[in-house]
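Please see the structure below; I have some questions.
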There are 2 protein chains.
Amino acid sequence: MILQTIVTPMKSTIPESGVPIAQIADNGTPELSLHGEILSRLRDYVVEGNIPDGARVPERQLCELFGVSRTPLREALKVLAAEGLIELLPNRGARVRELGKRDLEELFDVIGGLESLAGRLACETITDEEIAEIERLHYEMYGYYLHRDMHNYFQVNQRIHERIVAASRNETLRTIYANLAGRIRRVRYSANFARKRQRWAEAMREHEAILDALRRRAGSELSDTLFQHLRNKRTAAVEHLGRTSEGLTTESVDG
Amino acid sequence: MILQTIVTPMKSTIPESGVPIAQIADNGTPELSLHGEILSRLRDYVVEGNIPDGARVPERQLCELFGVSRTPLREALKVLAAEGLIELLPNRGARVRELGKRDLEELFDVIGGLESLAGRLACETITDEEIAEIERLHYEMYGYYLHRDMHNYFQVNQRIHERIVAASRNETLRTIYANLAGRIRRVRYSANFARKRQRWAEAMREHEAILDALRRRAGSELSDTLFQHLRNKRTAAVEHLGRTSEGLTTESVDG
DNA sequence: AGGGCATATTTTGCATTCATTTTTTCCCAT
DNA sequence: ATGGGAAAAAATGAATGCAAAATATGCCCT
């Protein structure tokens with residue numbers, strides 16, 4: 001699990017120059033330590049799907065690839081396991097964690113719950129400028145929708161959701177959200193591409209409702225709308241997963 | 001960026017559902033690897049407040065204490081940093097992360113959001129037996145309330161909340177919840193002890209409302225009630241923190 | 001006596017090494 | 001051939017070693 005490692009206000013005896021290294025799922029700040037660097041790169045490497053699901057994560061080869069010894073790499077593996085991206089099997093190394101149908105459902109529900117919470121909190125403190133920025137993104141996304149530009153639509157869509165979470169002014173929430181969102185990024189992406197036109201239009205309407213509730217700062221309403229939006233995404237993604245056994249999972253999901 | 005794909009020698013079958021070791025804040029399943037063992041023990045050690053907040057985590061001493069070399073201990077430190085329990089400063093070791101007022105507020109809000117979600121989900125699938133078990137705990141807790149037995153009240157209280165989360169049938173949620181709950185356990189505990197009688201009575205009434213909504217499987221209502229319950233806990237805890245001092249200090253919590 | 005600076009000690013980060021365990025290979029028996 | 005199993009090879013888990021950075025110590029000077 002991922003959580004944050006932000007430097008909090010420190011005691012007077014401690015010099016101020018400390019910079020935390022174990023940035024989790026964060027922006028691309030220059031990593032000072034080798035471990036942090038490797039952690040970021042390895043996470044991206046896995047998220048981007050360079051290793052087949054369920055396949056072994058080859059320690060030795062990755063060491064060569066990244067040009068480091070096993071020690072920092074293994075530390076990174078432990079962290080990724082804690083994040084839920086991979087799993088560690090005793091004496092048998094790390095495997096890319098497969099996302100089964102149930103895992104996906106769970107993740108979407110939790111993400112939905114978090115976005116729902118974020119929406120409620122955001123309404124309490126969001127500024128007009130932030131709303132304006134989200135509006136801007138919304139119309140940008142609408143443009144991509146009209147042009148059937150799935151890739152950019154997806155990117156902007158993600159950023160809108162991130163903005164809402166950021167507007168909650170809750171760094172803890174933001175960090176956890178980023179972690180979970182990272183886990184299902186691939187599924188969301190491919191599910192998006194496989195979208196039927198109808199669902200896509202539906203999603204656009206939902207986004208309009210979201211924006212509308214946000215403008216009115218209707219916390220409770222926004223909360224519900226976001227949760228329902230994610231529920232619909234969940235349905236679409238899980239359906240997609242069911243149709244394609246490609247890449248993301250094998251079966252092995254019993255009821 | 002790295003685009004190379006690593007080819008792993010994959011067996012045709014993916015059998016032997018091994019047990020992942022890096023369980024986060026999980027139950028006390030027997031840990032097989034030294035790393036997992038150390039991770040658990042170190043987490044407990046920190047959570048229990050054996051190291052003052054903001055203080056340095058003495059790598060070497062802990063190695064002696066646990067009787068292991070630095071390698072598995074450092075791996076555990078990386079994971080704990082990812083969990084947010086400690087922070088890692090480059091070349092300057094690990095420090096116990098201090099929970100400031102803002103951190104607490106954030107954590108309570110997120111936990112509230114998660115419990116709220118859990119309640120909603122639980123109502124969809126909870127069985128009569130599970131409800132009966134929670135009822136049993138509720139009345140047990142009520143007994144401790146009447147006897148002003150704060151310690152046991154706290155324990156059972158925690159278990160009730162855990163049961164509700166468990167009833168959501170969402171392992172992902174359960175894991176994240178356990179992690180966050182662990183982070184603030186100490187605060188919750190001491191805040192509980194400092195409770196004014198009025199707040200305590202209030203909490204009991206809230207719990208009754210929770211149980212009531214659960215019996216009727218009124219998801220939306222339960223969701224709201226839980227969130228509000230946590231908001232009130234947040235207020236109490238933050239107030240308590242303000243009174244005791246900035247940040248929590250060594251307050252050994254036994255049991 | 002106290003502050004500043006150079007040196008010694010400790011600590012950290014990472015690489016390397018070592019002991020097991022697992023996986024593969026290859027030989028033999030059926 | 002084919003399946004079983006022993007031996008070889010490789011991978012894993014953990015300890016140790018080593019260079020660099022940080023902290024502590026002590027010396028010198030005012």
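Chain letters run A, B, ... following the sequence lines, proteins first, then strands; residues in each count from 1. Hydrogens, waters and symmetry mates are skipped; everything else that's a heavy atom, side chains included, is used.
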Whole angstrom is fine here: how far is it from CG in Leu89(A) over to C1' in dT23(C)? 15 Å
Whole angstrom value for the distance that separates P of dA14(D) from CG of Leu39(B): 12 Å
Minimum heavy-atom separation for Ala81(B) to Leu88(B), with atom names? CB-CD2, 3.7 Å
Exercise: identify the closest heavy-atom pair between Ala76(A) and Ile38(A): CB-CG2, 4.0 Å
Where along residues 57-75 of chain B does a heavy atom come under 4.0 Å from DNA chain C, residue by residue in number order? Glu59(B), Arg70(B), Arg74(B)
Anything under 3.5 Å between a donor and an acceptor, one on a side chain of residues 54-67 of chain B, the other on a protein residue two or more places apart or in another chain? List them.
unit_1: Glu59(B); atom_1: OE1; unit_2: Arg70(B); atom_2: NE; d: 2.8
unit_1: Glu59(B); atom_1: OE1; unit_2: Arg70(B); atom_2: NH2; d: 3.1
unit_1: Glu59(B); atom_1: OE2; unit_2: Arg74(B); atom_2: NE; d: 3.2

Spacing of Leu34(B) atom CG relative to dT12(D) atom P, expressed in whole Å: 18 Å
Rounded distance in Å - CG (Asn91(A)) to P (dG13(D)): 6 Å
Any side-chain heavy atom of Arg234(B) sitting closer than 4.5 Å to one from Arg231(B)? yes
Without decimals, in angstroms, what is the distance between Leu77(B) CG and dT12(C) C1'? 11 Å
To the side chain of Arg92(B), which of dA22(D), dG13(D), dT23(C) is closest? dA22(D)
I need the CD1-C1' distance between Ile38(A) and dC14(C), as an integer number of Å. 11 Å
Specify the separation, in whole Å, of atom CZ of Arg56(A) and atom P of dA10(D). 13 Å
Starting from the first five and the last five pairs of the helix from dA1(C)-dT30(D) to dT30(C)-dA1(D), work out the angle between the resulting helix axes, to 10 degrees. 10°
Closest heavy-atom pair and its distance - Thr125(B), Ala167(B): OG1-O, 3.7 Å
